[in-house]
Amino acid sequence: MAPLQVLVLAAVVLVAVTAALAETANRPPNILYLMSDDMRPQLEPYGHEYMKTPYLKSLAESGLLFSFAYTQFAYCAPSRNSFLSGRRPDRTKCLNFLHKFRDYHPEWTAMPEFFKNHGYFTSSAGKIYHDGMDDPKSWSYPSNQTHWIMCQKGDINEPLGNYCGVTNKSKIPYTDEDLAIAEGLKRLDLAKASGKPWWVSIGFHRPHTHYRVPEGFYPDTLYPTDEVKPPKHPSAPIGAPFMSGNWHGGDIHDPAHGCPTCFVPANRSVQYRRWYYAAVTWSDYNVGKALKKLEEMGEVNNTIVIHHADHGYQLGEGNEWSKKTDTELATHVPMIIRVPWKQAAIGKKTAVKAELIDLYRTLVDLTGLPSADIEEDVQGESLAAVFDNPETLPAALADKVAFSQIGRCACHNYTGPNYNSTRECGAGACVRTLVADFDFIGYSIRNHDWRYTAWLKFSDKVKRTMDWEHIGAEELYDLTTDDGTNFDYDGYNINVVDNPAHAAIVTSLRAKLKTAVESWKE
């Protein structure tokens, strides 16, 4: 080839490369949105060094870890309806598994849909919206809510059916996480090929029960029995009102469970915890697959990566083996967000009281899309400013609080094989009970030092207004020294609402909570 031809060819290549780089530079960043079901922040990057979660640790080392992030409803479907629409549960009107937000508001723009409407390729795999409640309008390419695989014939099965291990004799010799990650990686390839900025979501069921993991993730070597401890406070919190607990119906099936004073023995508590931890490690491993794929695609520097759970979880603390409560542990979620160009946030932690409904406005601001295009009734606050100085919060966020709520149904006296008549509620009974028939709704406010909860009946079932003149019960927990890492924190175990020394605090928090709740209605 002649020298002149070589120079011309080189110039053409240079122009093409420059144009491609310019297009990438001017293009809004991508979003890789990862979720794990029922995962609490008992993870290596949150100070729990014994937990085997290397990929979430790596994500935290290159991103921003939120020490205090909260769901608005500690139950799968209501939580996801809330943060994916950017509205609190009272505004979505979805407080159980009977409805999705589109049933009431087909015109709303969901969070992923906002990005689709601004030119993004959007798709999803696994559990992002609740199972069976997918939202086709959110996706430019169809999602795949992969099948949820429970314990199977041929698995190593526990007699009570709480956990199992996949074997080469299993009827289904793989997990639903295998399906979700395969479909997710496929969508990442399609996203890359689209030439557009993209949003790809991948959701994992684990560590939700059943705790089903493949060989290599059994807890025998990962979490030896002698290294796992039972809960320090296995009883219901002192002074907790009867409607506050989910004692009658947890996720763990155990003959010793079922009432406020019915405790799962320590030896079985340890086994359930070991398998839960193994399921956490299995979920982390699949998060790692998505992160590795992003590296292979060469998209790390132009992609926001987020991982969070839909709600927290209790592993025997307060005699709870589930979510479905309005406690600190049930509502506290892990959340890590990596924004590569936000250098001040890399490897840092923030104590801002983040809420999952904050994600909508936060991600819009972080991608540089026009926040003016967000519908006016989208709630939450943008946390984008936190990434510029995570340790010194701007005034608007320094005193931010977090709110949550939960329903209570079938409240009456229960009798079981191991306990006499005890008044409690069947939290699981709310799953398919009309909201107007709920016995109570518990609303909570969490600030720096306290968690206050009011249990309320309806004053008007049609308008769903609450009776603040006749509060059913109240709770107050002193969290003054809680750093968010100790699941056995003593302050979780005693309701101090009746302590006269705290009367002014109760009055103040009650008023703030009432004002907030009444502002959420349409």
Side-chain angles (χ1 to χ4, degrees), residues 39-41 46 64-75 78-92 95 244 306 308-314 323-337 349-362 378-386 390 393-406 441-455 474-485 487 489 491-492 505-506 508-520:
M39 181 181 283
R40 64 191 201 164
Y46 281 83
L64 178 61
L65 181 147
F66 289 77
S67 297
F68 295 96
Y70 295 88
T71 184
Q72 278 49 78
F73 204 109
Y75 218 163
S79 173
R80 293 164 189 259
N81 270 301
S82 174
F83 67 78
L84 286 166
S85 70
R87 280 85 169 181
R88 295 186 184 277
D90 273 1
R91 188 161 291 184
T92 68
L95 306 188
S244 66
I306 177 171
H308 69 86
D310 52 351
H311 44 69
Y313 207 76
Q314 290 172 256
K323 50 275 188 182
K324 305 176 193 171
T325 69
D326 222 10
T327 63
E328 181 74 6
L329 293 182
T331 57
H332 186 194
V333 302
M335 187 164 79
I336 303 169
I337 304 179
K349 298 180 180 181
T350 177
V352 66
K353 299 300 182 288
E355 300 177 276
L356 292 184
I357 60 160
D358 296 331
L359 289 172
Y360 197 138
R361 293 186 178 277
T362 300
V378 169
Q379 298 168 297
E381 299 178 51
S382 175
L383 304 176
V386 176
L393 298 175
L397 296 176
D399 293 323
K400 187 179 184 298
V401 299
F403 297 100
S404 58
Q405 64 188 93
I406 200 77
I441 296 180
Y443 291 95
S444 293
I445 179 173
R446 180 19 163 137
N447 66 11
H448 293 304
D449 298 327
W450 303 93
R451 184 176 191 86
Y452 166 82
T453 302
W455 292 95
E474 294 177 295
E475 299 176 80
L476 181 70
Y477 296 92
D478 184 349
L479 309 182
T480 308
T481 59
D482 178 24
D483 65 1
T485 66
F487 292 81
Y489 181 72
Y492 300 159
I505 293 168
V506 171
S508 174
L509 291 176
R510 182 193 299 132
K512 290 179 181 178
L513 182 60
K514 180 176 183 287
T515 299
V517 170
E518 291 180 343
S519 74
W520 299 340

Original post:
Are Thr331 and Ser404 linked by a side-chain donor-acceptor pair shorter than 3.5 Å?
Top reply: no
Subject >> Flag for Asp326-Ser444: side-chain donor and acceptor within less than 3.5 Å >> reply: yes
Shortest non-hydrogen contact between [X] and [Y], atoms and distance:
| X | Y | value |
| --- | --- | --- |
| Thr325 | Ala330 | OG1-CB, 3.1 Å |
| Thr92 | Arg87 | CG2-O, 3.6 Å |
| Thr485 | Asp482 | N-OD1, 4.5 Å |
| Tyr70 | Arg446 | OH-NE, 3.3 Å |
| Gln314 | Thr327 | OE1-OG1, 2.8 Å |
| Thr480 | Tyr489 | N-OH, 3.7 Å |

Separation between [atom1] of [X] and [atom2] of [Y], rounded to the nearest 0.5 Å:
| X | Y | atom1 | atom2 | answer |
| --- | --- | --- | --- | --- |
| Lys353 | Ile445 | NZ | CD1 | 11.5 Å |
| Ser244 | Ile406 | OG | CD1 | 12.0 Å |
| Lys324 | Tyr313 | NZ | OH | 8.0 Å |
| Arg91 | Ser85 | CZ | OG | 10.0 Å |
| Gln379 | Arg361 | CD | CZ | 9.0 Å |
| Leu383 | Met335 | CG | CE | 6.0 Å |

Original post:
Among Val386, Leu65, Ile306, whose side chain to side chain contact (heavy atoms under 4.5 Å, CB included) with Ile337 holds?
Top reply: Ile306
Subject >> Worked check of side chain to side chain contact (heavy atoms under 4.5 Å, CB included) between Leu509 and Leu476 >> reply: CA-CA 9 Å; Leu509 291 176; Leu476 181 70; 4.0 Å; yes
Set of side chain to side chain donor-acceptor pair (under 3.5 Å) partners for [X], sequence neighbours left out:
| X | result |
| --- | --- |
| Asp358 | Lys400 |
| His332 | none |
| Tyr477 | Glu475 |
| Gln72 | Glu355 |

**OP:** Applying ring-ring contact (aromatic ring centres under 6.0 Å, His included), run through His308 and Phe66 and close with a yes or a no.
**Re:** CA-CA 10 Å; His308 69 86; Phe66 289 77; over 10 Å; no
Original post:
Which residue, Phe73, Tyr452, Trp520, forms the ring-ring contact (aromatic ring centres under 6.0 Å, His included) with Phe403?
Top reply: Trp520
**OP:** Kindly write out the residues that satisfy side chain to side chain contact (heavy atoms under 4.5 Å, CB included) with Ala351, not counting sequence neighbours, or none if the list is empty.
**Re:** Phe68
**OP:** Go through the steps to decide whether Met39 and Val333 satisfy the test side chain to side chain contact (heavy atoms under 4.5 Å, CB included), and finish with yes or no.
**Re:** CA-CA 7 Å; Met39 181 181 283; Val333 302; over 6 Å; no
Donor-acceptor pair, [X] side chain versus [Y] backbone, under 3.5 Å?
| X | Y | value |
| --- | --- | --- |
| Thr71 | Ala74 | no |
| Tyr492 | Leu479 | no |
| Ser82 | Pro78 | no |

**OP:** May I have the step-by-step check of side chain to side chain contact (heavy atoms under 4.5 Å, CB included) for Ile505 and Asp449, ending in yes or no?
**Re:** CA-CA 10 Å; Ile505 293 168; Asp449 298 327; over 6 Å; no
Original post:
By ring-ring contact (aromatic ring centres under 6.0 Å, His included), which residues pair with Trp450, not counting sequence neighbours?
Top reply: His502
Original post:
Could Arg40 and Phe487 be counted as a cation-pi pair, given that NZ or CZ must be under 6.0 Å from the ring centre and within 45° of the axis?
Top reply: yes
**OP:** Would you indicate whether the side-chain heavy atoms of Leu84 and Leu359 approach each other to under 4.5 Å?
**Re:** no
Subject >> Test log, rule side chain to side chain contact (heavy atoms under 4.5 Å, CB included), inputs Lys323 and Asp310 >> reply: CA-CA 10 Å; Lys323 50 275 188 182; Asp310 52 351; over 6 Å; no
